[in-house]
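Treat the numbers as computed from the prediction; the structure is a model and nothing was measured. Numbering of ligands and ligand atoms starts at 1, following listing order.
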Amino acid sequence: MTKRTGMRRGLTRYGDEEFSLYLRKAFIKAMGYSDDALSRPVIGIANTFSEFNACHGNAPKIVEAVKRGVMLAGGLPMEFPTISLHESFAYPTSMYLRNLMAMDTEEMMLGLPMDACVLIGGCDKTVPAQLMAAASADIPAIQVVTGPMLSGTHGEQRVGACTDCRRFWGDYRAGRIDEVEINQVESRLVPTAGTCGVMGTASTMACMTEAMGMMLPGGATIPTVYADRQRHAEAAGARAMMMAKEGLRPSDIITPKSIANALRVLLAIGGSTNGVVHIAAVAGRLGIEIDMEAFDRMGEETPVLVDLKPTGQFYMDDLHRAGGMAPILRELKPLLNLDCITVTGRTLGEEIDALPAGHKQNVVRPLSDPIHSGGGIAFLKGNLAGDGAIIKQSACSGELLTHTARAVVFDSLEDLALRIDDPDLDVVADDILILRNSGPKGAPGMPEAGYIPIPKKLAAQGVKDMVRISDCRMSGTAFGTIVLHASPEAAVGGPLSLVETGDTVRLDVPNRLLELEVAAGELERRRAAWTPPPGTQPERGYAKLFMEHILQAGEGVDFDFLVKRPYTAKTP
Ligand code: FES
């Protein structure tokens, strides 16, 4: 073993390296390790178990399996904790803390002696944070996810978080179900530990990670409770050992072409809009820019193949039974960059060729008979989109894809909460709802508030969808005609800051346009009169760091001091 591997890596600085090693070994021997164990390559395992995080409820079992794989391959597994984030247990929003988790993970990967690292994530922000960390630390790393939950039942209906959470809540708000039933539903929506059982952000990121080559084949869709989840983890541990020997690094795997593969899969699975922000953040760590116009063109030739909620009918356990990523990658093969290297050391093309034979199923459609032909996510330009906004067109109501109407503006999340259900709110079904000051700085943390609720009085009349526009994000489990990520955000003077209730707004998705139909002179007058919203200058702590360094959606909402700039490459 060379001097800088295993326990000799990253020695604490006392001015005497042999003393540092001696002291390190003295302490670690208190954990019962032998000299033989301490002479092995060290594989770090980032354990994100937390009693606040049901999506990672099986992390201890995965850690155990990864350790088994590492030891079978002759290495020493060393588990370490990092921040764990769950969507419903993070104030003000998990996105606010994603970069903190990425920093924690990166510094632990670099500060602890490990020759490779197995990253165990799952819930929406955890996999992006770990991939961002891996890209920056650039030591051999492999991603394992906790896996999706199983679907459950409420009466005769199948249910699973969290598309059904929203559907039932909409029914409750509209008076279609009562308090007794909503309480029953609450106990049924999440029947097992694991990530949301639909094509939300967690499932989207898992599929994109596998397509990008940072996960062993087949790992994205195995449900949390299946024995295969443990076997996959064991294999990842063993493979991490080989990667440590080979020196295969994230920067060998995460390239413009492999990111394009991940984006292609995002479109084909009808994935979460959050996938765009997170992959931009991962790419940005390696100086790679996402070409959003190329992404939009990619959408035109990449139909939605996967029939999963929130846009389709099935759940993640159905996708796994249908073959998981295998049928998706097989169908997409002519459109993918097959020469990209993966964590296996083989190319994506070689892995696709080695996939098990498919079987009859109805969850993943062939390219010739897609669910939606026009691409899942469209990139909008225009004077109200600024540097760009996105819309998940596969989740839209077809009749609203082209819509011109009056704007009804909410100035903040607080304003929205205060007025949206006011019976006297001046709003009709045809109006366009706008929420501003809810972006990276405005909220702060760019929360998933873009799924603006239908005003109660309209919901009671049976209105299910309206055009909604914001500078924040939307949960991947949500659906509707919803424009997101308008940037720069309103809190820094972006275009949404200039809209007034009563203005005419034009959404034209087929022509990729989002326009505010107000004369240029009037817009100039409003721009000159604009002042930043109060409360965006915290005095201390992480809030101060966040506000001073957070970037906009197009740059992945990363911190300016963590990205690699200038960009040195662009996605094809
Ligand atoms: Fe964790 Fe949905 S809340 S994946």
Side-chain angles (χ1 to χ4, degrees), residues 46-59 62 82-98 101 119-131 143-152 159-169 185-210 215 219-226 229 266 269-275 277-279 308-311 314-317 319-320 392 395 445-451 473-479:
N47 184 359
T48 49
F49 175 76
S50 157
E51 289 187 341
F52 289 105
N53 192 345
C55 297
H56 294 200
N58 63 333
I62 294 184
T82 73
I83 293 172
S84 185
L85 298 174
H86 183 277
E87 286 305 291
S88 305
F89 286 85
Y91 178 83
T93 169
S94 63
M95 187 64 169
Y96 177 72
L97 298 169
R98 183 203 61 182
M101 181 176 176
L119 301 157
I120 300 170
C123 196
D124 294 12
K125 307 304 176 295
T126 59
V127 170
Q130 291 181 327
L131 291 174
Q143 183 76 57
V144 172
V145 292
T146 52
M149 65 181 69
L150 293 181
S151 55
V159 295
C162 226
T163 303
D164 296 318
C165 314
R166 296 173 199 287
R167 178 168 61 83
F168 281 110
W169 191 249
V185 167
E186 190 182 275
S187 302
R188 297 278 170 267
L189 286 166
V190 187
T192 72
T195 53
C196 285
V198 297
M199 193 48 81
T201 306
S203 302
T204 300
M205 287 308 304
C207 293
M208 292 173 79
T209 304
E210 187 174 332
M215 181 191 293
T221 60
I222 309 166
T224 326
V225 296
Y226 280 19
R229 177 54 64 201
L266 167 65
I269 60 179
S272 163
T273 46
N274 291 320
V277 177
H278 294 317
I279 205 73
L308 244 63
K309 287 174 183 278
T311 55
F314 293 109
Y315 292 86
M316 281 300 286
D317 43 359
L319 175 60
H320 186 64
K392 186 172 177 177
M446 204 181 182
E448 293 184 336
Y451 183 69
R473 298 176 303 114
M474 171 175 86
S475 165
T477 61
F479 51 91

Walk me through whether T201 and R473 qualify under side chain to side chain donor-acceptor pair (under 3.5 Å).
CA-CA 11 Å; T201 306; R473 298 176 303 114; 5.8 Å; no

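- Annotation: side chain of L308 is not in contact with side chain of Y315 (no heavy-atom distance under 4.5 Å).
- When each atom of ligand 1 is checked for a heavy atom of D124 under 4.0 Å away, the hits are 2 (Fe), 4 (S).
- Residue contacts with ligand 1, taken as heavy atom pairs separated by less than 4.0 Å, involve C123 via backbone and side-chain atoms alike.
- Close contacts between ligand 1 and E87 involve ligand atoms 3 (S) [criterion: under 4.0 Å to a heavy atom].
- Residue A202 has at least one heavy-atom neighbour below 4.0 Å for each of these atoms of ligand 1: 4 (S).
- From the protein, the heavy atom lying nearest to atom 2 (Fe) of ligand 1 is C196 SG, 2.3 Å.
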N53 and S84: CA distance, side-chain angles, deciding distance, side chain to side chain donor-acceptor pair (under 3.5 Å) verdict:
CA-CA 7 Å; N53 192 345; S84 185; 2.9 Å; yes

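- When side chains are defined from C-beta on, T195 does not count as touching M316, because their heavy atoms never get closer than 4.5 Å.
- Close approach to C55 involves these atoms of ligand 1, each under 4.0 Å from a residue heavy atom: 1 (Fe), 3 (S), 4 (S).
- Closest approach of A220 to M215, counting heavy atoms only: N-SD, 3.4 Å.
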